[in-house]
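What you see is a predicted model, and the numbers here were worked out from it, not measured in a lab.
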Amino acid sequence: LEPNCFYEAEQPMSNYKTTVMKVFLLKEVKQLDEAPLYLVAPFVDGKKQSIVTDFYITPKQVSFLDIGGCICFSKMNMIRHESIKEKIGVLPYNLISSVKNKYDELYSL
């Protein structure tokens with residue numbers, strides 16, 4: 001799996017069920033003697049940037065999206081490889097540094 005890509009993935013819900021939604025893969029987290037986990041941030045279609053931890057993307061910026069939406073850094077979580085279903089598309093090169101800067105701004109020490 002590649003970072004800086006959008007995937008469809010099963011995400012846990014509060015009622016012990018899962019839902020399939022778009023996620024943005026930030027990085028792979030290696031574990032000793034276990035399969036790696038992947039740090040992902042959900043992508044919410046149609047959501048306008050409403051809080052500082054959102055990163056809004058328009059369909060003009062990302063051709064494989066029908067409508068714009070937000071990468072929601074506030075809802076990041078770790079998922080297993082088997083939760084990821086299929087690759088939707090790659091974040092364009094010109095947006096990668098903007099997304100990384102937003103992540104660093106929010107979560108670096």
Side-chain angles (χ1 to χ4, degrees):
L1 299 176
E2 304 171 54
N4 303 316
C5 292
F6 291 88
Y7 291 88
E8 281 193 347
E10 288 181 349
Q11 291 284 283
M13 308 234 350
S14 59
N15 56 2
Y16 301 104
K17 294 182 180 179
T18 60
T19 186
V20 176
M21 65 185 304
K22 292 181 183 108
V23 297
F24 180 71
L25 196 149
L26 293 158
K27 63 183 172 181
E28 179 179 338
V29 179
K30 304 254 185 208
Q31 302 185 94
L32 294 175
D33 300 329
E34 290 185 38
L37 295 172
Y38 295 91
L39 178 63
V40 298
F43 181 81
V44 181
D45 288 323
K47 183 179 188 304
K48 296 287 184 189
Q49 183 172 352
S50 59
I51 56 175
V52 72
T53 55
D54 292 345
F55 186 87
Y56 186 71
I57 296 174
T58 69
K60 290 180 182 177
Q61 293 172 302
V62 180
S63 62
F64 57 85
L65 296 175
D66 296 334
I67 59 174
C70 285
I71 297 173
C72 298
F73 288 112
S74 64
K75 302 204 183 295
M76 289 187 306
N77 65 342
M78 303 290 274
I79 62 174
R80 298 186 181 285
H81 182 272
E82 53 272 6
S83 295
I84 297 174
K85 300 303 175 197
E86 71 176 276
K87 185 175 176 179
I88 299 170
V90 180
L91 188 68
Y93 182 75
N94 62 336
L95 286 179
I96 291 173
S97 63
S98 297
V99 171
K100 286 184 185 228
N101 288 343
K102 182 69 168 182
Y103 175 84
D104 289 343
E105 171 190 321
L106 294 168
Y107 299 103
S108 64
L109 296 177

Hey, could you give me the [atom1]/[atom2] distance between [X] and [Y], rounded to the nearest 0.5 Å?
{"X": "Leu95", "Y": "Ile71", "atom1": "CG", "atom2": "CD1", "answer": "8.5 Å"}
{"X": "Leu106", "Y": "Thr53", "atom1": "CG", "atom2": "OG1", "answer": "6.5 Å"}
{"X": "Gln11", "Y": "Thr18", "atom1": "CD", "atom2": "OG1", "answer": "9.5 Å"}
{"X": "Lys27", "Y": "Leu1", "atom1": "NZ", "atom2": "CG", "answer": "15.5 Å"}

Could you tell me if the side chain of [Y] sits less than 4.5 Å from the side chain of [X], heavy atoms only?
{"X": "Ile84", "Y": "Val23", "answer": "no"}
{"X": "Leu39", "Y": "Tyr103", "answer": "yes"}
{"X": "Met76", "Y": "Leu26", "answer": "yes"}
{"X": "Pro36", "Y": "Val29", "answer": "no"}
{"X": "Phe24", "Y": "Phe55", "answer": "no"}
{"X": "Ile79", "Y": "Leu37", "answer": "no"}
{"X": "Lys47", "Y": "Asp54", "answer": "yes"}

Is there a path of hydrophobic side-chain contacts, each under 4.5 Å between heavy atoms of I, L, V, M, F, W or Y residues, that connects [X] with [Y]?
{"X": "Met21", "Y": "Ile88", "answer": "no"}
{"X": "Tyr7", "Y": "Val62", "answer": "no"}
{"X": "Ile96", "Y": "Phe73", "answer": "yes"}

Mind listing the closest non-hydrogen atom pair of [X] and [Y] along with its distance?
{"X": "Val90", "Y": "Phe64", "value": "O-CE2, 3.3 Å"}
{"X": "Tyr56", "Y": "Gly68", "value": "OH-CA, 4.0 Å"}
{"X": "Cys5", "Y": "Glu2", "value": "CB-O, 3.5 Å"}
{"X": "Cys72", "Y": "Val44", "value": "SG-CG2, 3.7 Å"}
{"X": "Pro42", "Y": "Lys75", "value": "CD-O, 3.3 Å"}

Answer yes or no: is there a donor N or O on one side and an acceptor on the other, between the side chain of [X] and the main chain of [Y], under 3.5 Å?
{"X": "Gln61", "Y": "Thr58", "result": "yes"}
{"X": "Lys60", "Y": "Ile57", "result": "no"}
{"X": "Lys102", "Y": "Val52", "result": "yes"}

Show your working on side-chain contact (heavy atoms from CB on, under 4.5 Å) between Val99 and Leu91 and close with a plain yes or no. CA-CA 9 Å; Val99 171; Leu91 188 68; 3.6 Å; yes

Salt bridge or not between Lys87 and Glu8? Use side-chain N to carboxylate O under 4.0 Å. no

Taking the inter-plane angle between the rings of Phe43 and Phe6 on a 0 to 90° scale, is it parallel (under 30°), tilted (30 to 60°) or perpendicular (over 60°)? perpendicular

More than 12 heavy atoms of other groups within 6.0 Å of Asn94 CG: yes

